[in-house]
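Quantities reported herein were computed from a predicted structural model and do not represent experimental measurements. Just so you know, ligand 1 is whichever comes first in the structure, and atom 1 is the first atom listed for that ligand.
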Amino acid sequence: MQRIAVVPGSFDPVTLGHLDVIERAAGLFDELHVLVVHNPDKSALLPIASRVSLLERAISEGGLPANIVVASWNVGLLVDYCTDVGASVLVKGIRSQIDVAYETPMAIVNRDLASVETIFLLPNPAHAHVSSSLVRQVAALGGNVAPYVPDAVSEFLQGERR
Ligand code: PNS
């Protein structure tokens, strides 16, 4: 039986921290879906289509494993997508106690809804301070985001500024 997992997130934009979690999760499963999900609690920087194409570029330019699929989802519960693709596990990166507090209720609800388990990966310490919201703020104020994001994102955001 294929072991299929999903890494969901806003990815607005994808960061080096996300890529690290995605690469390590891809090594644990036969197939890994990286799923861009609209989060109504956050004000978006990039449209979903741009987030998907930046993820695809970052994954291929970063030489990540070929068992990764990038998709987006905006029509229902995250666990409905899991059921559709036969995934029984969600993978999330956890950087701090704040992340644990944010993720724990969602993990319990997703297990209640569809018996989908959540596993948490600890970050590479080099990226433990990096978040999309920090990148959005630095980019909005004209700072250099290159240390925190894949080249594809850095180039895209520079292009937006011109
Ligand atoms: O990168 P983010 O913004 O922290 O990702 C949060 C996300 C998109 C994974 C979360 O908001 C989510 O799971 N949304 C899907 C909606 C859903 O299924 N909700 C009910 C169970 S928690």
Exercise. Who's the nearest protein heavy-atom neighbour of atom 13 (O) of ligand 1, and how far?
Worked result: Leu78 CD2, 3.4 Å
Seminar exercise, completed: Checking Leu54, Val69, Val70 against Ile59 for side-chain contact (heavy atoms from CB on, under 4.5 Å), the one that qualifies is Val70
Exercise. Going by the atom numbers of ligand 1, which of them fall below 4.0 Å from some non-hydrogen atom of Val37?
Worked result: 8 (C), 14 (N), 15 (C)
Problem set entry | Closest candidate by heavy atom, reference atom 22 (S) of ligand 1, pool Lys92, Met106, Glu103, His18 | Met106
Exercise. How close do Val36 and Ser10 get, heavy atom to heavy atom, and via which atoms?
Worked result: CG1-O, 3.8 Å
Problem set entry | atom 7 (C) of ligand 1 touched by protein (heavy atom, under 4.0 Å) | no
For this session: Name the closest protein heavy atom to atom 1 (O) of ligand 1, giving the residue it belongs to and the distance to 0.1 Å.
Result: Ser10 N, 2.8 Å
Problem set entry | Of the listed options Asn110, Asp99, Thr118, closest to atom 21 (C) of ligand 1 (non-hydrogen atoms) | Asn110
Exercise. Does Tyr102 come within less than 4.0 Å of ligand 1, judged by its heavy atoms?
Worked result: yes
Exercise. Counting heavy atoms not belonging to Glu61, are there more than 12 under 6.0 Å from its CD?
Worked result: yes
Exercise. Atoms of ligand 1 less than 4.0 Å from Lys42 heavy atoms?
Worked result: 1 (O), 2 (P), 3 (O), 4 (O)
Exercise. Between the side chains of His127 and Tyr148, does any donor sit under 3.5 Å from an acceptor?
Worked result: no
Problem set entry | Point-to-point distance, once rounded to the nearest 0.5 Å, from CG of Leu45 to OG of Ser132 | 9.5 Å
Exercise. How long is the span from the CZ atom in Arg57 to the CZ atom in Phe156, to the nearest 0.5 Å?
Worked result: 10.0 Å
Exercise. Within the structure, does Asn39 bring an N/O atom to less than 3.5 angstrom of an N/O atom in ligand 1?
Worked result: yes
Exercise. If you round to the nearest 0.5 Å, how far is CG of Leu64 from CG of Leu55?
Worked result: 10.5 Å
Exercise. How far is atom 20 (C) of ligand 1 from its nearest protein heavy atom, and which residue and atom is that?
Worked result: Leu77 CD2, 3.7 Å
